[in-house]
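Just below is one structure, and these are the notes that go with it.
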Protein chains: 2
Amino acid sequence: LSSETFEVVFQPEGKRVECPRGGNLFDAAKAAHIEVASICGGQGTCGKCRIIIDEDRENAGPIAAEERSHLSELELSDGYRLACRTRILGGLTVNVPIENRTITGRFQLEGVEAPVKINPSIRKYLVQLKEPDPKDPRSDADRLLEGLASGCPTCSRVDYDVLKGLPRALRGARWSVTAIVLNDETIIGLEPGDTRDKNFGYAVDIGTTKLAGYLLDLNTGRIVAAGSMMNPQLPYGEDVLTRISYAMKGSGNLEKLQRMVASGVNQILIDLCLKANVSPEGVYEMTAVGNTPMHHMFLKLDPEYLALSPYVPVVTGSVDVKAKEVDIKMNGNGNVHLLPLIGGFVGADCVAVILATEIHSRAELCLALDIGTNTEVVLGNRDWMLACSCASGPAFEGGNIGQGMRAEPGAIERVKIDPESLDVQYWTIDSAKPRGICGSGLVDALAEMLKSGIVDAAGAMNKGLASPRLRSTENGPEFVLAWGKETRIGRDIVVTQRDVRELQLAKGAIHAGATMLMRRKEITEGDVGTVFVAGAFGSYMNPESARTIGMYPEIELERFKAVGNAAGTGARMALMSREAREKADEISRRVEYVELAAEPGFQREFLNSQYMPYADLSRYPETSELLRRLGRYPKKPIPFLR
Amino acid sequence: LSSETFEVVFQPEGKRVECPRGGNLFDAAKAAHIEVASICGGQGTCGKCRIIIDEDRENAGPIAAEERSHLSELELSDGYRLACRTRILGGLTVNVPIENRTITGRFQLEGVEAPVKINPSIRKYLVQLKEPDPKDPRSDADRLLEGLASGCPTCSRVDYDVLKGLPRALRGARWSVTAIVLNDETIIGLEPGDTRDKNFGYAVDIGTTKLAGYLLDLNTGRIVAAGSMMNPQLPYGEDVLTRISYAMKGSGNLEKLQRMVASGVNQILIDLCLKANVSPEGVYEMTAVGNTPMHHMFLKLDPEYLALSPYVPVVTGSVDVKAKEVDIKMNGNGNVHLLPLIGGFVGADCVAVILATEIHSRAELCLALDIGTNTEVVLGNRDWMLACSCASGPAFEGGNIGQGMRAEPGAIERVKIDPESLDVQYWTIDSAKPRGICGSGLVDALAEMLKSGIVDAAGAMNKGLASPRLRSTENGPEFVLAWGKETRIGRDIVVTQRDVRELQLAKGAIHAGATMLMRRKEITEGDVGTVFVAGAFGSYMNPESARTIGMYPEIELERFKAVGNAAGTGARMALMSREAREKADEISRRVEYVELAAEPGFQREFLNSQYMPYADLSRYPETSELLRRLGRYPKKPIPFLR
């Protein structure tokens, strides 16, 4: 590197940073405290650190081989680069697309939040002590505990790790310290002087695909910073079963997966702390939720039997460990609280959803759907609760769909098809030129295609329709949503017959899960008071479309309520409130776990649920009426399996 | 080493072991599971691994330089060798002197023991579980806890370290395991099958000089094995202050001292486990007592402020840590319980003495003396208790005394002097030829010398007496106890004027401590119901002699009760009984610590206590009467400082 430096400006913030000639933009972003997504940490292998150079492209070094493999020609010509491969040869203005930030724009941060009384497990107390003298030679620990007694009379223990540094901590602070107390019982940390106004906690949602973290002010409950990133375990399998089998394949693999998820949790924490000007060492509690395999891998618990019938977890109750035991870079002596689980495939994330939606204390019957690669379904109220997990797959995240993509700028997110002309209207995220279709766009498209007769109830495309948008290929028929000339990618964006089959499998899994739970209790659609739809995807989806294709049971539309990342919300509630933690423990004990594979009739129900909306149309009277009105009501009876 | 082997026989057990040519006797002893004392672990530096070769000496390799520096010519000619320096060149018969065993013969193993109900913190439960099936997919932890509930309904936690190995532990044992439960609350270990009949605990007395350990059967309270060894920290200072200053001198020194004491505690544990055929991994609890500096160093707690006025400990309450946190080689997840302390110089050993003697619940007023390098004095009953620590020094262990030695075979342990002829009768340990004088012999000798007029009340030797035993040297007068021709060492064994001064300092420190406590509460000798004398030395000493020289206050002789290693007894009681632990905590809180250095008048009292029996003879009417009868009553009044 030469001693010559150039100014790099990061937009839209306008943050400026001086960088040496030959340095790269990944390091420059770090220096500017700009979050850029990365799994590989700047090694050029993950392709996540995409940035855009709009002007003065000649001041950036040549395009590297790794960039050609991760970016399309069109993206390259648009100015897309990988930050870690882009050398700085002059002044540069760099745009970091919002979806490539660790903190993403569309990530659902708020969600519903049941009101909680602020009562965190971690409390800070100022303790001002008299120096020892021959008339008062009490031990340091007794002096500290007795000094604390006026503020926290029930605290009677000093953690062993605190004891080891106690004499110097007290004398170094001239006998005036802030004691960090866990559960009003144990002093787990000491800080010199009065730091009571700085008390922060960290809540994390450990998703299979995505990690989401929230830094909270424990004094006020305010979210001071929030962010998310891809789960660094992704290279070891998109789905949990692949990761479990990797974990079991070799000794040390489980530990490796644990280190990876911990490093992600740490990266978000450090980013949030930088942003909020908080020292990670001063964070004394973290709460975490996740599905059962993620929970187990985070805790280094053997996940082997989660993958084998009867799918038995190691533990379902809540677990508290010291941060240093799981390599979390908050205060090593801080407490990491994992919310309890329900069963082998219904995890702490589902408990958190119930906690956030308060199903456990509602009189009316509720249904909750937390939609993701696995979709958790909860049915119940204050009297009883059932939960199951459906293998809905990655289709709603754009996976296994020809032109599927995540909810990023340029994704088609809404679709309208004129039932007569088959003309298409679509809307994209950020109104950018379309690049692909995200989950809500796919559901919309399928519902519109059903209503327009482009697909029938069994999902078969009607090749007989006269429209240039409906065409045959060697892989079967496809329907054009956007013509190449309108798109960013220069090609038509289409929904293929195979895409339709994938979506049928996904929606059928969810519908079958909900139906199995309802059948257990002889519940019908009319009995359900509220349907909570959780997860980022669920929040942005048009519930009418989802109901039309039979992904949701036919319940009045006004009863649907999108609640965002309710799992993250539950984690935050548990961070802020001990009562919420107790409720979570109670929820975990009360919810009855239904193992779908072991339920009689599940396979039949899954097949019935492949039809749109459903094999038995009498359960979809409103949709049936709509299809009849549009002339799309099935001419032949659908084979319903009993 | 050649492949040729020879038989080595260890006597008196007659254990035989085959050893390679050129191997050494230290390794041979290990192979035969014969305990030989060692501090350096076979490096030839500590000189502790003394053994005797009676026959076939030519089959042992030549005498090494290290042996010449640790053994006298006479010892060498008696066949003494250092095991670690003795090469095996042929068949050998080796005698390990009992005092050089890790398990020493005269070590006081039993002592008084207040009756305790068997109620250890560690309990074992057999749990036989039904295998999971699709109708019963409970988590491993829930299955285990629910299976345990009939035996231990309050246990609701599985320790995180147990969780990590839980799936394999349960399946490997075909769902039939013994759960190890701490405090009826937490499962801290699992063993396959039914191991309930094997439940062992370890109690340790961590002395400045000596470590004493007891392996107990927690089901019955029986001591299955006991042993002791020198504290491996000894090379870093005979007294605690030297060790504290070493600990503070460099970073890592405290950790080093901790490792040394832990290695000693481990060595005894492993020896005892071998002897009792118990796996150290199967020991789940240890209790420990020790003075405050030993306690702190064992726990890696900063001892710096114990050496500086006002001598403040880090903690006084009881401390529980996992064995792995302090490198104890029992089950790493097992619990190590340190009994509580009283103050900077009155430690858990003193709490244990009170626990064992039950002073805290007695109606009558008691005095307890735990005699060692530091002597702890306790005064009180169920209403109040005072305690202090006296710097009595190493004289009673033979330290700083010309021909002092520990209580080993050949030590003069009792002495009688004819007040007319000044003829001496003496008794030695094991009736061996005398090699030196141990503590009880020294106290006896001093009392007899006082009664015979060989020393006066101020401790000055009466050079005017006509006896060949009383003679002048360039270092002052000395009195011959045993003539060279009678001894093993070939030299006269004498008590010098300097020895007398050392003993006066030691006995004066103890007397002054007891007096200061009595004065605080305006107690006189007649008020004291029982005097408990603890410690190995105290048990073997003639209380009349100790009272005559004024080491003990003048209390009726029948009120003295030797209680052996009461500190070790207290540690054992705490191991066997949770109620005993609670009592210990209560004792620690109730005892008022008296810092002698801060007591007004202590220095004067210490000077008064240098006289024999005491500067104010009115406090010793019976001894005064005895001296008067023998014509030894002081002619001039003793200067008494008020």
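The chains referred to below are lettered A, B, ... by the order of the sequence lines, with proteins before strands, and numbering in each begins at 1. None of the values given here were measured: they were computed from a predicted structure.
- Of all the listed residues (B:Val314, B:Leu301, B:Asp320), the one sharing the greatest number of non-hydrogen pairs under 4.5 Å with chain A is B:Val314.
- For a residue to count as touching a neighbouring chain, one of its non-hydrogen atoms must lie under 4.5 Å from one of that chain's; by this rule B:Val326 touches chain A with the side chain only.
- Looking only at side-chain heavy atoms (C-beta outward), A:Val319 and B:Leu163 come within less than 4.5 Å of each other.
- Of all residues in residues 334-344 of chain A, none places a non-hydrogen atom less than 4.5 angstrom from a non-hydrogen atom of chain B.
- Within residues 168-177 of chain B, the residues having any heavy atom less than 4.5 Å from a heavy atom of chain A are, in residue-number order, B:Arg168, B:Arg171.
- The most heavy-atom pairs under 4.5 Å with chain B, out of A:Ala598, A:Pro137, A:Ser156, come from A:Pro137.
- The part of A:Asp133 that comes within reach of chain B is its backbone (N, CA, C, O), which places non-hydrogen atoms under 4.5 angstrom from that chain.
- No part of A:Val594 comes within reach of chain B, as not one of its non-hydrogen atoms sits under 4.5 angstrom from that chain.
- Heavy-atom pairs under 4.5 Å with chain A peak, among B:Ala141, B:Ser309, B:Pro313, at B:Pro313.
- Of all heavy-atom pairs spanning A:Ser139 and B:Val312, the tightest one is CA-CG1, 3.9 Å.
- Contact tally against chain B (heavy-atom pairs below 4.5 Å) for A:Arg157, A:Arg138, A:Lys300: the top residue is A:Lys300.
- The distance from the NZ atom of B:Lys164 to the CG atom of A:Asp302 is 12.5 Å, given to the nearest 0.5 Å.
- A side-chain donor-acceptor contact under 3.5 Å links B:Tyr160 to the backbone of A:Leu299.
- Within the model, atoms CD of A:Glu595 and CG of B:Asp136 stand 12.5 Å from one another, a figure rounded to the nearest 0.5 Å.
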